[in-house]
Amino acid sequence: ELRTFAFTFRMSPRSKDDAYQVRSIIRFFKQGMSVKTTSSSIFLKSPHVFKIQYKTPGREDHPSINRIKICALVGCDVDYTPDGTYMTFNDSEGKHPMTSYGMSLRFSEIEPVYDQDYVKLPEDEIGY
């Protein structure tokens, strides 16, 4: 069985630039999970895949947290009212950014974890 992983983020922009970045992040994940087409639009191509890693401060793979194989993003849910009410910033461009966003991402590995995957890892790591 392929493993799934869920991550939830709360993003609360505090400036115009922050609001732009938050909207860009949301769009990146929504677009990244969408099906791609060939130039002729006859065939479909797979969505983007993601490599999720937990790193130590020294940028090494974290030995005490599980490893994750390459994943497909299978769900991206955005809560535009995570505080329970509709609130936006006033801005001169008429974009009306929300004061807060909640984003939940669901990933699924595209390859199972095999016994031989553990053989390649140091004995003191948790592994997959």
Side-chain angles (χ1 to χ4, degrees):
E1 185 173 320
L2 299 175
R3 300 183 304 169
T4 59
F5 301 91
F7 300 93
T8 302
F9 301 94
R10 179 76 172 263
M11 298 177 284
S12 300
R14 298 290 178 233
S15 69
K16 177 181 167 183
D17 290 338
D18 284 355
Y20 174 80
Q21 287 298 319
V22 167
R23 287 193 309 266
S24 295
I25 290 167
I26 292 170
R27 181 183 173 123
F28 169 80
F29 284 109
K30 284 185 163 198
Q31 187 173 3
M33 69 179 283
S34 63
V35 176
K36 312 301 181 239
T37 58
T38 59
S39 58
S40 64
S41 296
I42 294 174
F43 298 103
L44 298 178
K45 299 189 310 186
S46 64
H48 293 301
V49 293
F50 296 85
K51 185 173 185 179
I52 301 168
Q53 297 175 300
Y54 299 104
K55 297 289 190 177
T56 65
R59 307 283 301 148
E60 301 294 325
D61 286 334
H62 201 297
S64 300
I65 302 177
N66 67 298
R67 290 182 180 224
I68 301 173
K69 289 191 168 190
I70 300 293
C71 291
L73 179 58
V74 296
C76 177
D77 300 312
V78 180
D79 182 356
Y80 298 96
T81 58
D83 297 317
T85 184
Y86 174 82
M87 280 193 291
T88 63
F89 291 109
N90 273 336
D91 68 341
S92 59
E93 298 175 11
K95 301 276 186 194
H96 304 291
M98 303 300 293
T99 58
S100 192
Y101 299 84
M103 183 173 66
S104 297
L105 303 172
R106 290 182 316 281
F107 294 91
S108 179
E109 287 178 323
I110 60 175
E111 176 186 353
V113 175
Y114 299 103
D115 177 68
Q116 66 194 22
D117 294 328
Y118 283 89
V119 174
K120 301 173 189 174
L121 298 176
E123 290 284 327
D124 61 345
E125 282 195 22
I126 288 179
Y128 294 91

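- By the 4.0 Å N-to-carboxylate-O rule, Lys69 lies close enough to Asp117 to be salt-bridged with it.
- How far NE2 of His48 is from NZ of Lys36: 4.0 Å, rounded to the nearest 0.5 Å.
- Within 6.0 Å of CZ on Phe7 lie more than 12 heavy atoms contributed by other residues, nucleotides or ligands.
- Note on Tyr80: it does not cluster hydrophobically with Met87, by side-chain heavy-atom contacts below 4.5 Å among ILVMFWY residues.
- Both Phe107 and Ile26 belong to a single network of hydrophobic side chains, linked directly or stepwise wherever heavy atoms of I, L, V, M, F, W or Y lie under 4.5 Å apart.
- Between the Arg67 side chain and the Glu125 main chain, no donor and acceptor come within less than 3.5 Å of each other.
- Rounding to the nearest 0.5 angstrom, the gap separating the OG atom in Ser108 from the CD atom in Glu1 is 9.0 Å.
- Around the NZ atom of Lys16, the shell of radius 6.0 Å holds no more than 12 heavy atoms that belong to other residues, nucleotides or ligands.
- Ile65 contributes atom CD1, which lies 12.0 Å from atom CD of Gln53 (distance to the nearest 0.5 angstrom).
- Of all heavy-atom pairs between Thr88 and His96, the closest is CG2-O, 3.5 Å.
- The side-chain heavy atoms of Glu109 and Ile68, taken from C-beta on, include a pair separated by under 4.5 Å.
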In a table with atom names and distances, give each donor-acceptor pair under 3.5 Å that connects a side chain of residues 18-25 to protein atoms at least two apart or in another chain.
| unit_1 | atom_1 | unit_2 | atom_2 | d |
| --- | --- | --- | --- | --- |
| Asp18 | OD2 | Arg14 | N | 3.1 |
| Ser24 | OG | Tyr20 | O | 3.0 |

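- Tracing side-chain contacts under 4.5 Å through hydrophobic residues (I, L, V, M, F, W, Y), one reaches Phe28 starting from Leu105; they form part of the same cluster.
- One distance of note links CG of Leu2 with CD1 of Ile110; it measures 9.0 Å at 0.5 Å rounding.
- Residues Gly127 and Tyr118 share a closest heavy-atom pair of CA-CE2, 3.9 Å.
- Taking every heavy atom of both residues into account, Tyr54 and Asn66 meet most closely at CD1-O, 3.4 Å.
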For residues 97-104, run the donor-acceptor check on the side chains, cut-off 3.5 Å, and write out each pair with its distance to 0.1 Å, sequence neighbours left out.
| unit_1 | atom_1 | unit_2 | atom_2 | d |
| --- | --- | --- | --- | --- |
| Ser100 | OG | Arg10 | NE | 2.8 |
| Ser100 | OG | Ser12 | OG | 3.0 |
| Tyr101 | OH | Met98 | N | 3.1 |

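- Across all their heavy atoms, Lys30 and Val78 have their closest contact at CE-CG2, 3.8 Å.
- The hydrophobic clustering, which links ILVMFWY residues whose side-chain heavy atoms are closer than 4.5 Å, places Phe50 and Val113 apart.
- If you run side-chain hydrogen bond (donor to acceptor under 3.5 Å, both in side chains) between Arg106 and each of Asp77, Thr8, Thr4, only Asp77 comes through.
- Linking ILVMFWY side-chain heavy atoms closer than 4.5 Å, directly or via other members, places Ile52 and Phe9 in a single hydrophobic cluster.
- Taken from OG1 in Thr38 to NZ in Lys45, the straight-line distance is 7.0 Å, to the nearest 0.5 Å.
- Inter-residue side-chain proximity for Lys55 and Asp61 is flagged as met; some heavy-atom pair is nearer than 4.5 Å.
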